[in-house]
Every structure is written in structure tokens, then in C-alpha cells.
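A short worksheet on the structure shown next.
What's counted below: heavy atoms across the whole structure, side chains too, no hydrogens, waters or symmetry copies. Residue numbers start from 1 in every chain, and the chains themselves are labelled A, B, ... in the order their sequence lines are given, proteins ahead of strands.
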Amino acid sequence: MSDRDAARPTPRIPRGFRDLFAADLAARRQMVQTIIGVYERFGFEALDTPAFEYLDVLGKFLPESDTPAGGVFALRDDDEQWMALRYDHTAPLSRFYAQHGNRLTNPFRRYQVGPVWRQEKPGPGRFREFYQCDFDTVGTDSMVADAEICAVVATCFEALGIGRGDYILKVNNRKVLGGVLDAIGLPQDQSGGRLTVLRAIDKLDRLGEDGVRLLLGKGRMDASGDYTRGAGLAAEQIEIVMGYLGACVSDRQEVCGRLRELVGGSEEGEEGVRELEEIHDLLDAMDLGPDQVLFDPSVVRGLAYYTGPVVEAVLTFEVEEDGEKRELGSLLGGGRYDDLVERFTGEKIPATGASIGVDRLLAALEALGRLEADRAERPVVITIFERDRMADYQRMASDLRSAGIAAELYLGKKGFRQQLKYADKRDSPVAVIAGSNEFEGGTVTLKDLRLGKKLSREITDREKWKEQPAQVSVKREDLVSGVRSLLERHS
RNA sequence: GCCGGCGUAGCUCAGCUGGUUAGAGCGCCUGAUUGUGGAUCAGGAGGUCCCCCGUUCAACCCGGGGCGUCGGUACCA
């Protein structure tokens, strides 16, 4: 190996990142457009913010130190200030609102679509760069805004072809969760213990009831032999929490009733239940039934900033890949965060919103085979016979393009046979063929590549194949109309 | 972060109880077919068997370390 070889980089990308090519991008673009359409119909306005924010704006300094916390991609600018790639769209929104709130309408409703970055271990359907479609309402504490989140999401899903019954939105309220913790005698100041309980609750769907019981009590040993310390609750306390987790039934009002008992007079808990009841009425008014939105007490949604109602969405069917069931995880997360803006201004500004995970949704639809076919327009390929007549070929391309038809010249150096292979691989609908015969006669030959592909399945005889049933000859001046009629055959 | 599986051609994967020339299918290239994508047939190109160190007369295979990847678990705005 020479020194030069040693210095030659291996082409590769960092783990958790990906290249997306034409079909992926077309699918994503289509999905994002559908989602944006719904957001705008609900009155949200577009906002875009930079990929980088200062680290203190994101709130990701390690406590008592000037180094970034884990989980963010951070670097130091030339003025020594730490900045980091945004890890969601909510923190930049808070910053934007704190900075420009006086010039914005109040309440302020905006959506933001784009990539976010998290420096953590990638997993199945989990990347370090991924797209989120976020929408939020800042400046109102009305439960209407929270209930509307459900309507927005349900509308999006259904517009994307995920019908009623295929998905379920799960709503809970952090205040109820807090109330239950009050009720079992875990006070606010025992934040460590409360966190451990919340973490345990969050794992219900993965570890099941027994796993959660262990985590609430002494702790749990997992399959790999790793031991997780539990919350150390007493048996009676565990029973209350498990009862709470079991309170999810299809009747939302009944859930509220059960929760009211479980929070045992906790003021915070009572308030949470009242909020849920209000949301229930609003959902009813929007015709969102229990087949679309459920109250599920096990929903925690992370540990950080949510202060009230929280929501997540899951698909109700299982997806198999390579014969194995695939866990799709949550396709959307959101909730109310009433003190996020306060960090900047000292003023308490209520806000609520949610974020659709585009990549997971895309993966789900793809696994289901419900992705609409790649609709990106494939170009007509103009093959080249006589290299000294490039101007004539170029004119054909211009004519087609002027008529709004995607077209390209074959730009390689290979022979005609290879040019057609190229067009085939490109999934081009039509090849334009013009050699000396055509030029002499003032015609062009148009080959319907899609029809040809179809016919080739039936033709096994070389001579029949050579008859070229998928080709037509038209006058040069009829190039555009001729191509158009071939394109229309298959649309 | 911790635990485990895997890493052989562009892709999917075989193979070797360690023995010198490492295979298949698909894909790719050339031709049969002076101007026609398919099918068929005949040829062909393509591999540091992930990297480094060690054991050995001999390592793609065994041992150690690393990297990557996949899965579980922890953390997660």
C-alpha cells in the first residue's frame, strides 16, 4: 500500500445518518406536503429557524459546568461560545417567541418542518438525523388547543391513508400522574424517586405489567443480565400505581372517573382530571371517538418539560419485516409545556403542541405497502445516433421541456443498445430515436418503454421482439404531441 | 454506557475440524443481434475473506484488541 493509498479516505457516513435518494425523497416530500396542508388548514404558519442554536438557549449545559450535556451535537464557535444542532423544534420555538413575541400575534400558532439531530445510539427506525413536523400554539392555556392537537393529527393520518382504527392517539395528563404520586406519598421534593416511577410506567408497553412491578419495587434483571434499580415502593404503593395503569378503558369518561378516585384528593391530580374531562367534551364535539383518541394513563412522554396534557400516537396493527415483527414505536409525541418560554423572559407563557415523526411514519407506510408509487416524473430519454447532429437532438429536448415534459439527452458515450438499457434502468417512459433514416424522412421514432416492458413478458421469440410493436413513427413536428399521447396511455 | 450475534465479490449469502488456485445466485461488461431495453446462449471483469496484533511450518478459519453493523438493555428534549 502506497502512502497515497493510506491517505485515501473510505467513503462512509457517520452511524445513524443516511443518504436518501430519489424515491425516498419523493415519498417524504409527498408526505410532508400532505401534513403541511393540514397544518395550514388549521391555521398554523410556517417558521424556519437555524440548525444551530446556542447551547444555553437549548438548555443543554451540564449542570455546574460549561460543557454540553450528552445527546446533542455541540461545537464551539470561534468566539468560544458553545452551540449545538437543535434536537427538536420546540426549543427553537421558545427562543423565537421569547425574542419576537411582542411582534407576534397572541396566541401564536406556527409549524416547523425539518431535520433535528440527536447524538445518541441509533436503533431500529431511530436515527441521529431525522425529520419532524412540529406544530404548536403559544400563548393560551385553553384546553381547546390541546384537544385540537388530536384533531390535527387524526386529520393528518387519515389524509395519509392511515384510516380510522389503524391508529390510536393516547392522551394523558402529567398533572394526573403527579396527583397519583402525591397519593402514594411520594412528595415533590423526592424528585429522584418520582423520576424512577415515571420511567417504570413509561416501560409498560415494552416490559409488561410484571416488568413494571419489578421496577417499581426492588429492581429488574434483564435478559442480558443487566440490573436496573427499582423505585423501592412498598407493595400497597405498587398496587395503587398498577391500578392507575390499568385504568385505561375505551370509555374516556369512565377513565376520568377512575382517575379521580386514584388521585385521592390531590389538588394537582384533580385539576388534571378536570382538564381531561374538558378535552373529552371537546373531542366529542369534533367527533373524535374512542376509536381515535383514548385516555391512557401509562403515557408519560419523557421526563422533562411537559406540564399538562400529553399525547402520543401508535399504529394499531403489527408490521412484519423479514418475518419478524417490527416495533414501530410512537409516531407522534406532544403535549403542554407551560414554562418553557419562562426560561427566557420570566413570564409564564402557556404553550402546547406536537410533532409528527416523518421517518417512522414513512417506514410504517412502506412496511405496509401503502406508500403511493414514486410519482417523481421520469424523463423521456433522447437517444443519440449521429453525434454531429447534437443540435438537432438538443432541439428535441427543448421542445419537450417547453411543453412541460421532462426530457434529457443521453450524455454517455455508449452505443445505442446501451442507451436503451440506460433509459430502461432510469424507468424512462419513452425513448426518442432518430438516426439517419429518421432525419432523411423528417420523422422521429418513439418507443413506448413501458408498453415494451409489458410486452416483453409475453414475447419469448427473438424475431417477434424485433418487430418492435411498442414503437411508432411520427413527423418531427409532431414530436411533442406524439410523446404526450404515449405518456397519457399509462397515466 | 452495558450485554450478545454478525462482518467473505456491487447485492444476498455458501465455504474451510487451519493447508497454498475462495465459490454460487443476482447484478455488471462483451458478443451472438451493421440501428433497439426483455428472453436465450457463449465469454469476461470484479475479493487486502473488516482492521491490527498474537499462536502456528502454514490463519479467511484459532486467541486478544479495535472498528463497523444488527439486536437486547439503560438513558432520552
Side-chain angles (χ1 to χ4, degrees), chain A residues 1 5-6 10 12-16 53 58-60 69-72 84-94 116-124 126 128 132 134 195-196 198-200 202-203 206-207 211 215 219-229 300-306 322 324 326-327 330 333-335 337 340 355 381 383-386 410 414-439 445-471:
Chain A
M1 188 188 279
D5 285 337
T10 320
R12 74 219 137 99
I13 53 176
R15 70 170 197 284
E53 295 279 355
L58 294 178
K60 295 303 283 186
V72 292
L85 289 171
R86 64 179 178 225
Y87 53 81
D88 67 11
H89 292 308
T90 310
L93 169 65
S94 308
V116 301
W117 297 267
R118 295 185 189 180
Q119 189 173 47
E120 58 189 18
K121 187 192 152 185
R126 205 171 174 179
R128 300 207 291 177
Q132 290 202 324
D134 198 280
L195 279 182
T196 310
L198 290 182
R199 278 197 267 263
D202 202 24
K203 294 188 175 77
R206 206 150 38 85
L207 303 182
L215 286 175
R220 174 177 178 275
M221 183 87 75
D222 69 44
S224 69
D226 225 16
Y227 185 74
T228 311
R229 273 194 64 165
V300 178
R301 287 311 306 166
L303 307 168
Y305 54 58
Y306 292 120
D322 302 329
E324 281 180 30
R326 242 192 85 169
E327 198 54 56
S330 170
Y337 47 99
L340 212 57
S355 207
V381 170
T383 57
I384 308 298
F385 260 100
E386 323 233 319
Y410 174 76
K414 293 181 175 169
F416 183 55
R417 185 188 173 78
Q418 287 299 322
Q419 297 189 32
L420 282 179
K421 284 186 99 146
Y422 168 85
D424 182 47
K425 222 186 249 179
R426 223 153 159 9
D427 200 21
S428 167
V430 174
V432 176
I433 301 166
S436 53
N437 299 345
E438 284 83 357
F439 283 120
T445 299
L446 304 180
K447 188 179 181 84
D448 184 336
L449 294 169
R450 295 198 168 144
L451 176 61
K453 191 173 280 182
K454 213 173 102 199
L455 292 177
S456 78
R457 276 182 227 120
E458 297 146 21
I459 299 177
T460 52
D461 166 356
R462 177 83 198 156
E463 290 311 307
K464 270 230 172 74
W465 177 248
K466 282 180 86 168
E467 284 168 20
Q468 296 308 336
Q471 280 180 204

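- Taken residue by residue, residues 458-468 of chain A places heavy atoms nearer than 4.0 Å to RNA chain B at A:Ile459, A:Thr460, A:Arg462, A:Trp465, A:Gln468.
- Under the rule for a side-chain contact (heavy atoms from CB on, under 4.5 Å), the partners of A:Thr445 that lie at least two apart in sequence or sit in another chain are A:Ile433, A:Glu438, A:Gln471.
- Atom CZ of A:Arg128 sits about 6.0 Å away from atom CD of A:Gln119, to the nearest 0.5 Å.
- Partners of A:Ala91 according to the side-chain contact (heavy atoms from CB on, under 4.5 Å) rule, which considers only residues two or more places apart in sequence or in another chain, are A:Leu58, A:Tyr87, A:Asp88.
- Between the side chain of A:Arg126 and the base of B:C76, at least one donor-acceptor pair of N or O atoms lies under 3.5 Å.
- In terms of modelled atom types and a separation under 3.5 Å, the side chain of A:Arg126 and the main chain of A:Gly16 share no donor-acceptor contact.
- Phosphate proximity of B:C29 to A:Lys421: present, with a side-chain N or O under 4.0 Å from OP1 or OP2.
- Under the stacking definition used here (centres under 5.5 Å, planes under 30°), the residue A:Phe416 fails to qualify as stacked on the base of B:G35.
- Side chain A:Asp424 to base B:G38: no donor-acceptor pair is found below 3.5 Å.
- Within the 4.0 angstrom heavy-atom criterion, base atoms lie near A:Ser436.
- Across all strands shown, A:Lys203 has heavy atoms under 4.0 Å from sugar-phosphate atoms exclusively, and none from any base.
- Residue contacts shown for A:Leu58 are absent, as no nucleic acid heavy atom lies under 4.0 Å away.
- Between B:C29 and A:Gln418, a contact under 4.0 Å exists linking OP1 or OP2 to a side-chain N or O.
- Applying the 3.5 Å distance criterion, the base of B:U36 shares no donor-acceptor pair with the side chain of A:Gln419.
- The side chain of A:Arg206 places an N or O atom within less than 4.0 Å of a non-bridging phosphate oxygen (OP1 or OP2) of B:U73.
- Residue A:Val72 is in base contact, counting any heavy-atom pair closer than 4.0 Å across all strands shown.
- Considering only side-chain N and O atoms, A:Arg86 lies nowhere under 4.0 angstrom from the phosphate OP1 or OP2 of B:A77.
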